[in-house]
Protein chains: 2
Amino acid sequence: MAFGHQREDSRLILLREISQEGRIPRIDLAERTGISRATVTTITADLLRDGLIEEIPREDGAAGTRGRPRVDLKIAGAAHLVAGVKVSGSRISLVLMDFEGSQMAEHEVPLGAGRHSPEALAGYIGDAVAALAAKIGTETAQISGVGVGLAGTIDAGAGAVHWSPSLNARNVDFAAMLTERMGVPTYLDNDANLVAMAEKTFGLGRGRSDFIVVTIEAGVGMGIILGGEIYRGTRGCGAEFGHTKVQLEGALCRCGQRGCLEAYVAEYALLREADTALGPDTSLSGQIARLLGAAEAGDPTAASIVSRAGRMFAMGLANIVNIFDPELIILAGEQMQFDYLYADEVIAEMRKSIVQVDAAPPEVVIHKWGNLMWARGAAAYALEFVQERAAREGRVDAA
Amino acid sequence: MAFGHQREDSRLILLREISQEGRIPRIDLAERTGISRATVTTITADLLRDGLIEEIPREDGAAGTRGRPRVDLKIAGAAHLVAGVKVSGSRISLVLMDFEGSQMAEHEVPLGAGRHSPEALAGYIGDAVAALAAKIGTETAQISGVGVGLAGTIDAGAGAVHWSPSLNARNVDFAAMLTERMGVPTYLDNDANLVAMAEKTFGLGRGRSDFIVVTIEAGVGMGIILGGEIYRGTRGCGAEFGHTKVQLEGALCRCGQRGCLEAYVAEYALLREADTALGPDTSLSGQIARLLGAAEAGDPTAASIVSRAGRMFAMGLANIVNIFDPELIILAGEQMQFDYLYADEVIAEMRKSIVQVDAAPPEVVIHKWGNLMWARGAAAYALEFVQERAAREGRVDAA
DNA sequence: CAATTTAATTTGCTTTCCGAATTTAAATGC
DNA sequence: GCATTTAAATTCGGAAAGCAAATTAAATTG
């Protein structure tokens, strides 16, 4: 029996397949997974009994074919609840999802700027999750898993925060702390990885197993999906795209080193140059807009600042492509203000800088999303764990 | 039964473990693999019957312990033969290995410079393999697998050569051609990957599952091992470390682009600057020596050339670390003449350029090896496939 | 030489999952 | 309206993998 060796067993494989496809008949499940029809019947019967999946009664569109009609299966939304939490500098954003991935509620609470003690932050998160659950008239105890995204260097496997701008302590076993505080299994990850997760589950990376997500906000982040899994490096602190070097002895980065990509393309990098070129301005975002406007209007200094940022970004991106050879790159961002980095010229320049082979260069897509995407990614991350648990446990005791 | 689903089955897991450990008693196999002792007994009995492994009669050193003595198992060298082939610009290098990985013979034949037709090159390789087999009084048909390493962009999975400096045609289904020509399954890969393979199997990467190998010869290459497997990118043409960009609008590379790492550290890059600084020289390697000597002696121009190459190399290396966060980097090279790139200052500079976290920076080791290491990597690559086949087939008909 | 210790094997059983045969639920033909 | 066809789903018997517990084997110790 394949029981002792706890590798991916067929229950999980089928559950994942159903989840990914949304709705799918048994015969297609057998086809896609290579599991025999007989076994698919047995296992899906189990999953149905356990309340993890449901049959969809009629497939209206598919009339007219002879033979016994296929019966689509889907994930039973009601089986579980998961929450996704994103902690940013100024607030905590949350979403509540059912087992199907449908959003049930969202919630935001302000968070005092600066660093917090781990205990305090765990408390804020716990309270926010409780408030989130209350929105659909339930409570924290009914949630099967919570995903939490945090900026900083995080060891997702161990659930530890090595360092984060939101915490005033280093090397905190934060996942365990949250799990204990809420009484719900909590999974921690770096926020860039969560965007990758969101793209994989709901976004443009759906169905793709190898792609890279680049995010720009205050800094430049990257999430890498290899073989359908988040790649984290050995110590869980790889993918520091923003601190790859694009210039020897280059511009000063806030990490203290020189020549980091971030030191050319991040907001603060443009601001300091804008101040030099256009004179200081009290409004930060206003100043960026002024700079872009001046560049547009033909101001040579402003244009050179913006164009250099774009070319540096293209160079950094090309390096990623040369190393990973991904099939898809998703440029994801919350704000429109980084449009100049996502411009066609920049992408074209990147294409010119990669190693030329016969195969087509990687697809590059731009995906703008709102604030809650981070939290949705966190929820998707938790959902994977909950699916795995649900598949492993024979029966689920939904209250 | 786990038969229909052909995932890694226990036979292969145990065979691999024995192979990796060299010699290991059953009880440790059970311990390490998580397979029960009962099953280990059953499976190893099978493997013994099939002649794939052997018991080692006495373990002399381990006397003095109570209880029934452990009986070490090892791979049966005689079970299979594999060959490794490396095609370089001027010759074909080959090694013959037994199933244990012990070298049985080596062979080298000159190869006319320049490009060859696929048919011709397949012929040369086939003849060379036959000559290799003849060295131990056997023939090609007795070899169970051949690994072949080639420079160029190669799709290892498909066995296709997109482009290679050794071939005068593009997109050749070269593995199939060799398999047919020799009547032995042949596995193709990029030569940088083979060095990684050699390091993993025999070298400093032994027992490591995540590391990176950087090679310098004419160009700069990289092999990436993630999770014990060679990472190849989506289209099998990633890891182009030599063409990552280290300078915007930088030095001209032979690939036609500007600012590639290679354009600062490769032999030809140093040569063209050396010619400018010291005047031309007819002897290529002599000129490099002259340059290094002058730098050593305090010539400021020469020193600046060499030091810039070193700093550029450090920067490229730091980028790799920032992206992958490997536990180990192996700087592998055939020749001593790149010592200046492997100098302590260069490594120190790299360390300063990576993102600082609490965890220790990756270990960096330098490994110099001879010409046959490539071929040994190719053989190790073929060996993996032969092991897999042997584990899958119930019985092996050794002639 | 009996007791002890540890490794390896044997035995009986459980679990998983397949192939083949069968049943089911429709559409179609007459 | 009823037999026929078609395709999906299910049932049934069996085979393989692999475990736990009991047993056997080979050594040391007192």
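Note that the coordinates shown come from a computational prediction; the quantities given were computed from them, not determined experimentally.
In this structure, the CG atom of D46(B) is 11 Å from the P atom of dG18(D), given to the nearest Å. As rounded to whole Å, 16 Å separates atom C1' of dA8(C) from atom CD1 of I35(B). The distance between atom CZ of R392(A) and atom C1' of dT15(C), rounded to the nearest whole Å, is 16 Å. A straight line from CG of D28(A) to P of dA7(D) spans 14 Å, rounded to a whole angstrom. The CD1-P distance, from I27(A) to dA26(C), rounds to 16 Å in whole Å. Atoms CZ (R49(B)) and P (dT9(C)) sit 14 Å apart, rounded to a whole Å. Going from atom CG of L29(B) over to atom P of dC19(D) covers 13 Å, rounded to whole Å. When the C1' atom of dT6(C) is taken as reference, atom CZ of R26(B) falls 14 Å away, rounded to whole Å.
Phosphate proximity of dA8(C) to R68(B): absent, as no side-chain N or O sits under 4.0 Å from OP1 or OP2. Between T41(A) and dT11(D) there is no side-chain polar atom (N or O) within less than 4.0 angstrom of OP1 or OP2. The side chain of T39(B) places no N or O atom within less than 4.0 Å of a non-bridging phosphate oxygen (OP1 or OP2) of dG18(D). In this structure, R70(B) does not reach the dA26(D) phosphate: none of its side-chain N or O atoms is under 4.0 Å from OP1 or OP2.
In the helix from dC1(C)-dG30(D) to dC30(C)-dG1(D), the terminal helix axes, each the rotation mapping four pairs' C1' atoms onto the next four within five end pairs, subtend 10°, rounded to 10°.
Note on R37(A): a base of the nucleic acid sits closer than 4.0 angstrom, heavy atoms only.
Taking the nucleotide of DNA chain D with the nearest heavy atom to each of T42(A) and S36(B), the more 5' of the two is matched to T42(A). Where A38(A) and V40(B) meet DNA chain D, the nucleotide closest to each residue was compared, and A38(A) sits on the side nearer the 5' end.
Residue S209(B) holds its OG atom at 6.0 Å from CD of E327(B), rounded to the nearest 0.5 Å. The distance from the OG1 atom of T201(B) to the CD atom of E384(B) is 6.0 Å, given to the nearest 0.5 Å.
Ring orientation note: the planes of Y381(A) and Y187(A) are nearly perpendicular, at an angle over 60° on the 30°/60° scale.
Partner of K74(B) under the side-chain hydrogen bond (donor to acceptor under 3.5 Å, both in side chains) criterion, out of E54(B), E55(B), E21(B): E54(B) alone.
Residues S36(B) and T39(B) bring a donor and an acceptor atom of their side chains to less than 3.5 Å of each other.
With hydrogens and angles left out, the side chain of R66(B) and the base of dT4(C) share a donor-acceptor pair within 3.5 Å.
Here the side chains of R206(A) and K200(A) are not in contact, with every heavy-atom distance at 4.5 Å or above.
Ring to ring, F324(A) and F324(B) are close: their centroids are under 6.0 angstrom apart.
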